[in-house]
Amino acid sequence: MYRQPVLKNRRTLLERAEKFISDVYFTDCNLRGRLYGDSCPLESLASFLSSKRIPFTEAAKQNFAPHKVGDTFGPTWWTCWFKVSLKIPESWRGKEVHLLWESDGEAMVWRDGQPVQGLTKEGEKTSYILSECLKDEEPHSITLYVEVACNGLFGAGQGSMIAAPDPNRKFSVQKAQLVVFNRDVQEVLTDFEMLVDIVKELGEGEQRGYQALFTVNEMVNLCDPSDPRSFSKARSLAHSFFSQRNGESQHTAHAMGHCHIDSAWLWPYEETIRKCGRSWVTVIRLMEKNPEFVFTCSQAQQFQWVQSWYPGLFSQIQDYVKKGRFIPVGGTWVEMDGNLPSGESMVRQFLEGQRFFNHEFGIVCKEFWLPDTFGYSAQLPQIMQGSGVSNFLTQKLSWNLVNTFPHNTFFWEGLDGSKVLTHFPPGNSYEMKGKVEDLVKTVKNNKDKGRANHSAVLFGFGDGGGGPTQLMLDRLERVQDTDGLPKVQASTPDKLFSQLRADSALLCTWTGELFLELHNGTYTTQAQIKRGNRRCETLLHDIEIAGSLALCRDGTFQYPAEQLQKLWRLLLLNQFHDVIPGSCIEMVVEDALRYYEDIQSDGAKLLKEACGALGSKGNAAGVFNSLPWERQEVIQIQDGAGEPAVGILCVSFQADGSVLMENGILKMVINKDGTLASLHLINANREAISNGCHGNQFVMFDDVPLYWDAWDVMDYHLQTRKPVLEVVQPIHVVSSGGLRSSVSFTLRISDKSTIKQEIVMDAMCPYIKFNTEVQWAESHKFLKVEFPVRVRSPNATYEIQFGHLQRPTHRNTSWDWARFEVWGHKWADLSEHNFGVALLNDCKYGYSVHENTMTLSLLRAPKAPDANADMGTHHFTYAIMPHAGSFQEASVIQSAYNLNFPLRSIQCSPNTIPWSAFSVSSAAIILETIKQAEDRKRALVLRLYESHGSSVTTTLCTTLPVREAWHCDLLERHDPTQPAHMTSEGITLTFSPFQIVSLLLIL
Ligand SMILES: [Zn+2]
């Protein structure tokens, strides 16, 4: 037979195939135009609008009014419930019948009182399958409910995704009808799409791309859209192409369904519950049809939400978890921020998460799963290992603005030397679509070619939920082993990491933190959230210690385990990676602050009860100190008759209007504008403030990032530095003599914003406190405070979880200057041999130390996604502490605890003898946590860590009636082969640098 030649014109051949499956062009005659057959209108459509998110049972009782397709509803955040009555025509016997539903918003289909499937246009889900092959005995008349949330997958940003939500958005249903779905057309379309994409992705340099081109061209020749009988010839051509196999050495892509659901972000917590329901019920539907499909799912909190809101769905999930297909991953309560939560908070993320997964599903996660957070603390490897986790998956470092992270698969070594096997999916995404592009990227971007031959491919709509679709599964199914593409297998995190570990001899090691060179404004944005977090971490710490001691002293005391778990879970929830960083909308901020208030008010009651049990009430006052060292702090204990102690403070005005203050340790001169002219460490005879400079200098910067407003502070903001110089009220003495002296002053930042500050010097205290109140009404400005100090060092030290690390003070390399804004916890220190200065804080996290200037970041004013972020009044305290010797020798760490942990006064009987529950013989060891054991009422768990970066043997002494002591892990699982070494002196413990040790004490 004569055939026309196929000319050498790649472009026309390729575009011809593209047009054949286009949903825009030539749909009158192309294949895409045949996807749907007959259609038929609904019997009736009626709606009911609710301002609240209500359960189905309540919604179904409401009066529904007739609704026409195209009618609008809303506004944003409301819910429109639809009652859909439909009748499938008998003549559709043997056909696949769908309810086609195209609407704005995110929808859930309810049938017989149960959620059955999510429908979201943005998530490419617009079909609910009524019958795969209509039979006479199937019901033809059906009533469904469709619950439409008035928000998109990414909330309702006005104009751009991250803009503040538009509160008045209107929504509509554009299509609601019954259709015949031509599955055979869909199958050929998928063949075509994959081949066209192979042509495009492999490009002109690869022979395999041309083979795909000629295959797809011939398929167009063979395929007559109007004659389904012609499809099989085209399909078999495609099949032959897809089944040409790879060699053995080809890279393997481990395909796992995933659905990243931010626990709150551009939508409130409450909507997330429904996002989980919609996304996960759809996953279950896909599992029923696709026996190979595996889905990975993180965040115990979200499981718990689904458990209480959708119990039927939860039990279906439990079944698929048992089958190893719906796989809980990550081991944490939420996917938390990787920088800001305290060490103990991070432990609790794992403790609550792993215990939940173990209780509900009988599993302990072996991998930490945090694809989307803004940097990773150097202590995480140790915390993971202590929580039963030895693998780690993320991809966020691909967002680095300056330096390209050099590895995809490597060992990550933490501060203490703990190592975890770490994988960054080379496709740099946690929401792939199963497309050829995703697979090609996975191979091309892999920076460990020849070292690691396996990679994760996580597919499914994410961030706002959505998850995988049938189409994604169909795409991947076609190219399981197709020459030219990586092999694709449905896999699990376990399989992936075991493969990587089995062949890990050539993997590199990265030591220390995984610093994200982006989103560095998140250490500062939403100051009230940061403050709430620090306050609540401190409060829960104190309640647990007071409760534990009360438990030991008073046999009738009920340790408030359940209430504490509730409060911890709220705190952990707010540590989610768009809440504590401050990158969320205003509604989320309101929820978060309310949760902090709940923790503080409920916590205050619990603390009072525990302290009451400790003090066995009387009319004398006592002090409860939750820190196991002597506090150098102003303590005035009065029993009513006592006189305040005589102070040793001296305050005097100088001729130039400045004030001289001295407390025996420090001597300082404060200028009229509140800046420090001098800060002198008396015994060492050292001046802390740099020559000719002023300490406590407030500075303002323009703060306009490139896009991610609440997230990003860019390097160029540093070029816009302006000191705050306008004095409203010059320095004046607030109190002098006694045990505390203080001066106060007020500065004007602008016509809208002011700073009022009290500088406090306490007797015997090694640091100066700056109690600060800021009225803040700026726009895109950044307020910081600077201390230029008389110290020269190439590195500054920052406190992190259970330890500290150093970062450079110079800008030698791109890796150095990319860290122009960094995070730290309660303190940062700049020391040279034998002298240094520490800058402490009680609720801040953003720092920078450049050359000899130490800077604390105070307030930002981004406008998206919260248009009112940080507007209003702020209170915070920071402190400056010059010291002789090293910061370790000078007790900077203890001082930072003292600044953060208030002394709690308690009532006690007049003849109470002071007592100490625990003491540790080495100053390097911090006893961080004392709590009741999770699984044993008459047992305590203690957590200690080595804070100096040294190897130490120490003795832990206790006056409590301890019968046995065991080492345990962070999940409180004790090792029966590892009793703690108890002597008459106490328990002997050995630590390596920054090691965390947990003990189980049986009472
Ligand atoms: Zn996220």
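All residue numbers refer to positions in the sequence shown, counting from 1. Order of listing sets the numbers, starting from 1, for every ligand and every atom in it.
- Here Glu335 does not reach the Zn ion (ligand 1): none of its N/O/S atoms is less than 2.8 Å from the metal.
- With Phe326 as reference, Phe295 is the one residue of Phe357, Phe293, Phe361, Phe295 to meet the ring pair (Phe, Tyr, Trp, His ring centres under 6.0 Å) rule.
- Side-chain contact, Ser345 with Gln575: a donor N or O sits under 3.5 Å from an acceptor N or O.
- Looking only at its N/O/S atoms, Asp372 has OD2 as the one nearest to the Zn ion (ligand 1).
- Of the residues listed (Thr272, Thr76, Asp262, Asn151), the one engaging Trp267 in a side-chain hydrogen bond (donor to acceptor under 3.5 Å, both in side chains) is Thr272, and it is the only one.
- With respect to the Zn ion (ligand 1), Asp262 has OD1 as its nearest N, O or S atom.
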Worked check of salt bridge (charged side-chain N to carboxylate O under 4.0 Å, His left out) between Arg274 and Glu147: CA-CA 10 Å; Arg274 298 201 297 189; Glu147 175 193 15; 2.9 Å; yes
